[in-house]
Trainee: 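Questions regarding the structure given below will be posed in turn.
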Amino acid sequence: MDMKWFDEMEARIPKGGVRTRFAPSPTGYMHVGNLRTALYTWLIARRSGGAFLLRIEDTDQERLVEDAAGIIYSTLRKCGLDWDEGPDIGGPVGPYIQTQRRDLYGKYAQLLMEKGHAYRCFCGKARLEALHGEDGLGGYDGHCRDLPQAEIEEKLAAGVPYVIRQRIPRSGQTTFSDAVFGDITVDNATLDDQVLIKSDGLPTYNFANVIDDHLMGITHVVRGSEYLSSSPKYNLLYQAFGWQVPTYIHCSPVMRDQHNKMSKRHGDPSYEDLLAKGFLSEAVVNYVALLGWSPRGEYAEREFFTLRELSEIFDTGGISKSPAIFDLEKLKYFNANYLRALSPADFFAGARPYLEQAIQNPAVDLSLVAPLVQPRCDTWMDIAPQVDFFNALPAYSNELYCHKKMKTNEENSRQALEQVLPVLEALPQWSYDSLHEALLGLAQQLGLKNGRILWPVRTALSGKAVTPGGAVELCHILGREESLRRIRQGIAQLG
RNA sequence: GGCCCGGUGGUCAAGCGGCUAAGACACCGCCCUUUCACGGCGGUAACACGGGUUCGAUUCCCGUCCGGGUCACCA
């Protein structure tokens with residue numbers, strides 16, 4: 001075997017710093033668990049000034065989705081997770097798309113066979129099925145582990161299809177370390193001689209992963225805890241090649257409830273879905289970071305972090321071992337806070353499409369509505385239902401005028417409106433301040449609590465029990481003509 | 001079923017032999033207030049269970065129970 005080629009491959013591997021990778025399958029959308037994995041992976045690289053790379057694992061042709069890679073790129077960009085090497089920008093250890101690395105794996109499998117750590121298995125699918133029985137459980141029995149050389153030659157000559165399996169020691173133990181779970185030791189006897197190269201010549205995921213991670217110089221592997229059981233086999237592979245084992249960071253899944261992972265099947269939202277539901281990317285990222293990780297030390301009490309802050313304090317020691325249930329309520333809390341923290345201009349810019357959709361009345365100045373709604377939204381979607389009355393006064397019941405605490409009823413509400421009407425009609429200037437002065441002045445003048453006047457006015461203007469802003473704000477925004485019209489209508493309706 | 005991992009309030013979680021067991025969301029109450037929100041204050045609520053080890057266990061060990069993962073020529 002020509003070792004020169006292998007040496008050249010080794011020579012390409014960057015040495016020294018931390019290198020992490022996010023290696024998604026292009027299935028067309030980014031679920032929350034994936035996003036969290038990407039985030040942690042990115043944070044580990046940035047925390048240590050290392051490199052973060054992107055590798056597309058597209059070996060499963062059946063699951064390929066049109067432009068799925070594009071969705072991955074755009075999601076990562078929107079989240080602020082920039083990569084240093086990847087399919088689109090290249091890098092020293094490319095290609096970064098697995099199907100373009102196809103011919104690599106066979107060579108390494110060959111090398112492994114020569115070292116005695118792998119062997120050809122000619123057992124057909126039929127034999128394996130019989131072996132596994134009805135429950136489908138149980139590993140490979142090692143039937144082809146020690147086939148005589150002559151028999152192997154014979155089968156090869158006859159063109160019998162084969163796979164290449166990893167030769168795992170029958171005795172002894174293997175220990176691997178995980179940054180989250182610590183040291184885990186298993187008996188080698190419980191490990192299966194897993195397939196490395198399939199009969200079609202393509203590598204299995206487990207094999208391709210080890211090869212690619214090594215050849216790309218990956219130092220920290222972040223992945224789901226479902227790979228915990230196969231990690232000993234990975235270690236054995238690294239050992240067989242004489243390669244350095246990366247640091248493992250296994251993360252428990254993000255769950256939708258006690259029993260199920262988040263999944264598209266169950267209708268759980270993906271990152272894109274959350275944005276479409278009116279969430280801010282920053283809020284999602286902040287929340288997701290805390291789902292399965294918590295800061296220690298001086299930051300232990302904090303919950304709100306920018307990406308940059310996270311990249312300065314993230315430590316794998318804070319990653320939780322147990323699964324976390326995704327809580328939309330808490331995400332809303334984060335989002336509400338992010339919305340409130342926006343500058344008025346930024347909020348208006350973001351809210352504008354939602355306001356325009358809800359309010360077609362050109363007389364209404366949307367920039368005046370935005371600040372009213374800013375402290376009252378969990379997501380952008382909360383805007384429309386709050387402001388629809390600016391568009392047109394809804395039909396409402398006179399019972400809305402009755403409020404125990406305000407001490408209002410239909411009778412005194414009508415009186416209040418009748419007293420308000422001439423005051424507003426005579427108002428020379430229709431500004432917030434003048435309205436405020438006029439309305440509260442009237443209450444004072446009549447010796448009434450503010451609410452006795454303001455509650456009926458707010459009700460007449462909106463026809464709703466709950467509105468963003470009170471009587472003064474609504475008058476101001478609706479304008480003189482429309483405000484007076486609605487108050488007159490209120491009087492008529494109460495009469 | 002074998003093997004691996006996990007188990008603090010409804011949820012996220014701090015804790016890493018000694019604490020009245022943090023904090024946040026949600027929920028409830030009060031205050032503020034021109035409604036609702038925001039804000040402020042307060043409240044309900046947890047160490048799965050049983051054995052050890054120890055002067056002392058949420059914390060260490062064992063067992064039970066419960067949950068998750070894995071046992072593919074899928075990733």
Trainee: Less than 6.0 angstrom separating the ring centers of A:Phe334 and A:Phe304, yes or no?
Mentor: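 For A:Phe334 and A:Phe304, the ring centres are under 6.0 Å apart.
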Trainee: Look through every strand shown and name the nucleotide pairing with B:G50 as Watson-Crick or G-U wobble, where both distances are under 3.5 Å.
Mentor: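 B:C62 - that is the nucleotide pairing with B:G50, both distances being under 3.5 Å.
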Trainee: In whole Å, measure the gap between the C1' atoms of B:C27 and B:C66 for me.
Mentor: 27 Å
Trainee: Counting any heavy atom closer than 4.0 Å, what does A:His259 reach on the DNA or RNA strands: base, sugar-phosphate only, or nothing?
Mentor: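 Here A:His259 touches the backbone only, sparing every base.
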Trainee: Checking all strands, does A:Cys123 fall into the base, sugar-phosphate, or nothing category for heavy-atom contacts under 4.0 angstrom?
Mentor: base
Trainee: Give me the distance, rounded to whole Å, that separates B:G52 from B:A46 when you measure between the C1' atoms they each carry.
Mentor: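 To the nearest whole Å, 24 Å.
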Trainee: Side chains of A:Tyr234 and A:Asn206: do they bring a donor and an acceptor to under 3.5 Å?
Mentor: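 Judged by distance alone, the side chains do pair up.
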Trainee: Between A:Ser483 and A:His476, do the side chains contain an N or O donor and an N or O acceptor separated by less than 3.5 Å?
Mentor: no
Trainee: With respect to the side chain of A:Glu226, which nucleotide from B:C5, B:C12, B:U70 is positioned closest?
Mentor: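 Closest nucleotide among those given: B:U70.
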Trainee: Consider only side-chain N and O atoms of A:Tyr333 and A:Asp378, and report whether a donor and an acceptor are under 3.5 Å apart.
Mentor: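 Short answer, no.
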Trainee: Just checking A:Tyr40 against A:Trp293, ring centres under 6.0 Å apart?
Mentor: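 A:Tyr40 vs A:Trp293: aromatic centres not under 6.0 Å.
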Trainee: Using atom P in both nucleotides, what's the gap between B:U64 and B:C4 to the nearest angstrom?
Mentor: 13 Å
Trainee: Measuring only the C1' atom in each nucleotide, how far is B:G67 from B:C55? A whole number of Å is fine.
Mentor: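 That atom pair is separated by 36 Å.
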Trainee: Quote, to the nearest angstrom, the C1' distance that separates B:A26 from B:U44.
Mentor: 12 Å
Trainee: Calculate the interatomic distance between A:Phe181 atom CZ and B:G7 atom C1'; express it in whole Å.
Mentor: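 Distance check: A:Phe181 CZ to B:G7 C1' gives 12 Å.
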Trainee: Could you run down nucleotides 32-38 of chain B 5' to 3' and tag each one B, S or - for protein heavy-atom contact under 4.0 Å?
Mentor: -BBBBBS
Trainee: Ring centres of A:Tyr29 and A:His31 under 6.0 Å apart?
Mentor: yes
Trainee: Quiz question: going by heavy-atom distance under 3.5 Å, is there a donor-acceptor pair between the base of B:C73 and the side chain of A:Ser199?
Mentor: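 Side chain to base: pair found, below 3.5 Å.
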Trainee: Take atom NZ of A:Lys321 and atom C1' of B:G67, then tell me their distance rounded to the nearest Å.
Mentor: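 Answer to the nearest Å: 16 Å.
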Trainee: Do A:Thr467 and A:Arg458 get their side chains close enough for a donor-acceptor pair, meaning under 3.5 Å?
Mentor: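 Side-chain D/A pair, A:Thr467 to A:Arg458: present.
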Trainee: Indicate, with a heavy-atom threshold strictly under 4.0 Å, whether A:Ser322 touches base, sugar-phosphate, or nothing.
Mentor: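 Contact class for A:Ser322: sugar-phosphate only.
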Trainee: May I ask you to decide whether A:Arg145 forms a salt bridge with A:Asp193, counting only side-chain N to carboxylate O separations under 4.0 Å?
Mentor: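 The answer is yes: the pair qualifies as a salt bridge.
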Trainee: With P as the reference atom in both, quote the distance from B:A22 to B:C28 in angstrom, rounded to an integer.
Mentor: 23 Å
Trainee: Using a 4.0 Å heavy-atom cut-off across all strands, classify A:Val186 as base, sugar-phosphate, or nothing.
Mentor: sugar-phosphate
Trainee: Could you give the distance separating B:G1 and B:A57 at their C1' atoms, to the nearest angstrom?
Mentor: 35 Å
Trainee: Taking the P atom in each of B:U35 and B:C16, what is the distance between them to the nearest angstrom?
Mentor: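 Nearest-Å result for B:U35 against B:C16 at atom P: 46 Å.
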Trainee: Nearest to the side chain of A:Ser229, which nucleotide is it out of B:A75, B:G6, B:U70?
Mentor: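 Closest nucleotide to the A:Ser229 side chain: B:U70.
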Trainee: Report, as a single string ordered 5' to 3', how protein heavy atoms within less than 4.0 Å touch nucleotides 19-29 of chain B: B base, S sugar-phosphate only, - not at all.
Mentor: ---BSBS----
Trainee: Are side-chain heavy atoms of A:Pro371 and A:Phe348 found at a separation under 4.5 Å?
Mentor: no
Trainee: Restricting to ring-ring contact (aromatic ring centres under 6.0 Å, His included), what partner residues turn up for A:Phe181, sequence neighbours left out?
Mentor: none
